[in-house]
Amino acid sequence: MKKITKNEEEIVKFVLDDFTSRQYARKSFETQWQMNMNFYMGNQFCDIGYGGEIEDLDKQYFWQEREIFNHIAPIVDVRLAKLGKVRPKTSILPASNDERDVYAAKVSKKILDSVSNKLALSKKINDAMNWSEICGTSFYKVTWNPCLGQVVAKEEDGKEVRSGEVEVTVCSPFEIFPDSFTCESLDACQSIIHARALDVEKIKSTYGIEVEGQEINVFSLDSTSVGLGGLGYSSSAPKICHGVKKSSALVIERYEKPSPSRPNGRLTIVVGGRLFFDGDLPYAVGKDGVRDFPFVKQVSLNQVASFWGASVIDRLIPVQRAFNAVKNRKHEFMNRLTMGVLKVEDGSIDIDNLEEEGLCPGKILVYRQGSIAPEFLSGDNISSSFSDEEEKLISEFQTISGANEMLNNDNISTKMSGVALEVMVEQDELKLNNTADNIKQSVIAISQMVLRLYKQFAIIPRLAKIVGDNGEVELFYFNSSDISSDDIQLEAQNELGESLAQRRQMVFDLIDAGLLNDTDKGMSNKMKVKALDLLGFGIWENAQDTNELHLKKAENENLKLTSGGKVKVLEIDNHELHIDRHIAYMLSGDYEKKAAINPAIEERFLSHIREHKKLENSENNEKN
């Protein structure tokens, strides 16, 4: 990247001032995220002070019970486990019915599968879900890294030149600063800032410049024991607090959308207070090749007129506080019942000794002759109101969070029918549907950006690899011309309420009903391969690899016949698959254009198809 030196100080000042104002405006949201993280980790006796900082709450009395009974963490863990099943499968709609566009759509699908395996996209989705479930919002940054990929050349100094690869990173909400917090989406924002603290050595290797290291305030993990525990003991809990990161510098990237004055948008990067880059947006990841933000936003729960999403922890904090209060008051009441409260006459006993040692078993209590003997104050038995309130709060936890462990509830009758239980499961999963839909929309946006980046930068042919769920490995070449569509759809399926066993049973039901039969004799080889794939056993059937090879061979034959080459029909060919593939190509618009220029192409194809049919008939006669 070429550094811009003109008006450098003014540009840096503008970016830093803009960043500072956005920091101040986002303060209240940031504090709430810290509260959510503290409650999730177990530091639940804290609150937001007058200065907008998280403050620990101390005990009011030394005997006060202040134990933590964390229900938020397991609820979030259950939600993450259920949402972890959401791994939507994408499909690419071809730009037209032309055979070339259909083929390009298949290549695009393979590219997405390859990127997903290479970048461990499933793990990145899990990381983003952790942030969105706790703070309400998370982000993916989809960029092009020219330092990755295959080595394509070497410079004179021996430095390797690589083909470049797509890079997807997860950004926490603490790193993102939009220009307005009332915009509900990234599309509604005109500019956005991505700021983070990096080590000076990391900056040197990434940006190639040396900056002076500083101490930067960041959030760190600590422990607190202020006011925790009970009578006679103390405990600690982890908490999120401000810390200092040494030998670091602030990297600020300010992205601005295209405007009449800047048709390609603007990207300004300030590293350690120095201007590193100021120019056009580098990535054409918007619709129709428009340059846009390389970010995808994912929220847990949508909020009206707010850029930031809501977390279920926001709603659970009041219930968690009430639950802790009920449990601790209950334990204090039990302490009074077990330890007792003595009533003594003034001056009748040694009060200091009694306070230090208490009434241990076998203790001889000496009191002054003629005075009233010490006695315990009579108290009521523990009220059932404590237990009733506990049950109501636990029920409220489940109602608010949508993370019911239904099968573990004692109120589920063993006489309930399977249909009734299935309806209850569906109702339970409905509470997570909005969050699951947000994850699916994020996957679509990421997939579109990946294809658009390859369309922009993958100029030379490159080799990619796909490892399927069944363990099969496929290698293929592609370049930017093989990508003609980024119209991505999700395959219709409900991952939340569907297990692997249910999916397999559905396939068996379809087979029994005959709905997968596409010939008079039953299922074709192609459909058998698809059924085995859905069952997860495709790798066990050699026919899968054979059919795929036949289809690829037929596609190569189409190219050879079009270019005037000679193709010999072999006895090992699967004539049915070859004939279907050749006819499909002849019906495409690409074939019509080439046949109009060279009429001899038609006779070559027809002659080749006749040879396939001749050998097919001969083999069928031999079998009969």
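Worth saying up front: this structure is predicted, and the values here are computed from it rather than measured.
No side-chain heavy atom of E53 sits less than 4.5 Å from a side-chain heavy atom of I48. Residues I192 and I176 meet the side-chain proximity criterion, which asks for heavy atoms closer than 4.5 Å. Contact of the V142 side chain with the V285 side chain is not registered, since no non-hydrogen atoms from C-beta on lie closer than 4.5 Å. Under the 4.5 Å side-chain criterion, counting only non-hydrogen atoms from C-beta, V15 is not in contact with L275. Looking only at side-chain heavy atoms (C-beta outward), I68 and F45 come within less than 4.5 Å of each other. Residues F397 and I75 are in side-chain contact: their nearest non-hydrogen atoms beyond the backbone lie under 4.5 Å apart. Taking 4.5 Å as the limit, some side-chain heavy atom of I394 sits within range of a side-chain heavy atom of H71.
At a threshold of 4.0 Å, the pair D127-K123 counts as salt-bridged, since one of the basic side-chain nitrogens sits closer than that to a carboxylate oxygen. A salt bridge does not link K141 with E175: every distance from a Lys NZ or Arg NE/NH1/NH2 to an Asp or Glu carboxylate oxygen is 4.0 Å or more. A salt bridge does not link E65 to K327: none of the charged nitrogens lies less than 4.0 Å from a carboxylate oxygen. Salt-bridge formation is not detected for the pair K330/E389: no Lys NZ or Arg NE/NH1/NH2 atom is positioned less than 4.0 Å from an Asp or Glu carboxylate oxygen.
S132 places no side-chain N or O within donor-acceptor distance of the main-chain N or O of V299, the cut-off being under 3.5 Å. Of the possible polar contacts, one joining the Q303 side chain to the W308 backbone as a donor-acceptor pair under 3.5 Å is found. The backbone N or O of V443 sits less than 3.5 Å from a side-chain atom of S447, completing a donor-acceptor pair. In this structure, the side chain of S248 engages the main chain of K246 through a donor-acceptor pair within 3.5 Å. Within the 3.5 Å criterion, the main-chain N or O of K202 finds a donor-acceptor partner in the side chain of S205. Between the side chain of N38 and the backbone N or O of Q34 there is at least one donor-acceptor pair closer than 3.5 Å. With hydrogens and angles disregarded, a donor-acceptor distance shorter than 3.5 Å links the side chain of E184 to the backbone of A305.
The shortest non-hydrogen separation linking N36 to S311 is ND2-CB, 3.9 Å. Listed here is the closest heavy atom pair of T268 and I11: CG2-CG2, 3.7 Å. The nearest pair of heavy atoms linking E133 to S300 is OE2-OG, 2.8 Å. Across S191 and R22, no two heavy atoms sit closer than the pair OG-NH2, 2.6 Å. Here the closest non-hydrogen pair linking L198 and V251 is CD1-CG2, 3.8 Å. In terms of heavy-atom proximity, F39 sits nearest to Q44 at O-NE2, 3.1 Å.
Remark: K297 is positioned above the aromatic ring of F307, its terminal NZ or CZ atom under 6.0 angstrom from the ring centre and at most 45 degrees off the axis. Geometrically, R254 does not engage F19 in a cation-pi contact defined by less than 6.0 Å to the ring centre and at most 45° from the axis.
In this structure, SG on C135 lies 12.5 Å from CE on M35, to the nearest 0.5 angstrom. Rounding to the nearest 0.5 angstrom, the gap separating the CG atom in L432 from the CG atom in L83 is 5.5 Å. Note that CD1 of I269 is 4.5 Å distant from CG of L267, once rounded to the nearest 0.5 Å. Between the CG atom of D314 and the CG atom of L301 there is a distance of 8.5 Å, given to the nearest 0.5 Å. For the atom pair T399 OG1 and L393 CG, the distance stands at 11.0 Å (nearest 0.5 Å). The distance from the OG1 atom of T206 to the CD1 atom of I203 is 8.0 Å, given to the nearest 0.5 Å.
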Legend entry - Full working for side-chain contact (heavy atoms from CB on, under 4.5 Å) between N70 and Q320: CA-CA 7 Å; N70 193 351; Q320 181 66 64; 4.1 Å; yes
Inset, instruction - Take W144 and E167 through the test side-chain contact (heavy atoms from CB on, under 4.5 Å) and record every step on the way to the result. - result: CA-CA 6 Å; W144 184 265; E167 193 171 38; over 6 Å; no
Inset, instruction - Go through the steps for E165 and K118 under the test side-chain contact (heavy atoms from CB on, under 4.5 Å), then give the verdict. - result: CA-CA 10 Å; E165 278 294 344; K118 187 185 303 181; 3.2 Å; yes
Legend entry - Verdict with supporting geometry, D47 and R321, salt bridge (Lys or Arg N to Asp or Glu O under 4.0 Å): CA-CA 11 Å; D47 205 350; R321 281 177 170 157; 3.4 Å; yes
Inset, instruction - Take Y255 and F295 through the ring-ring contact (aromatic ring centres under 6.0 Å, His included) test and state the conclusion after the steps. - result: CA-CA 10 Å; Y255 297 83; F295 296 98; 5.3 Å; yes
Legend entry - T435 and R79: CA distance, side-chain angles, deciding distance, side-chain contact (heavy atoms from CB on, under 4.5 Å) verdict: CA-CA 10 Å; T435 304; R79 284 177 58 92; 3.4 Å; yes
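Taking the six-membered ring wherever Trp is involved, the centroid distance between the rings of F174 and W33 falls below 6.0 Å. In this structure, the ring of F29 has its center less than 6.0 angstrom from the ring center of F181. Within the 6.0 Å centre-distance limit, the rings of H331 and F69 are counted as a close aromatic pair. Aromatic pair F276/Y207: centroids less than 6.0 angstrom apart. Two rings, from H194 and F139, have their centers 6.0 Å or more apart.
At a cut-off of 3.5 Å, with distance as the only test, a side-chain donor of Y40 or D77 sits close to an acceptor on the other residue. For the residue pair Q441 / D437, no side-chain donor-acceptor distance below 3.5 Å is found, with atom types taken as modelled. A donor-acceptor contact closer than 3.5 angstrom is absent between the side chains of R26 and S21. No side-chain donor-acceptor contact under 3.5 Å links N328 and E67.
The residue from E256, K257, Q190 that alone fulfils the side chain to side chain contact (heavy atoms under 4.5 Å, CB included) condition with D179 is Q190.
Enclosure of atom CZ in R315 is not indicated, since only 12 or fewer non-hydrogen atoms of other residues, nucleotides or ligands lie within 6.0 angstrom.
The ring pair (Phe, Tyr, Trp, His ring centres under 6.0 Å) search around W131 returns none, not counting sequence neighbours.
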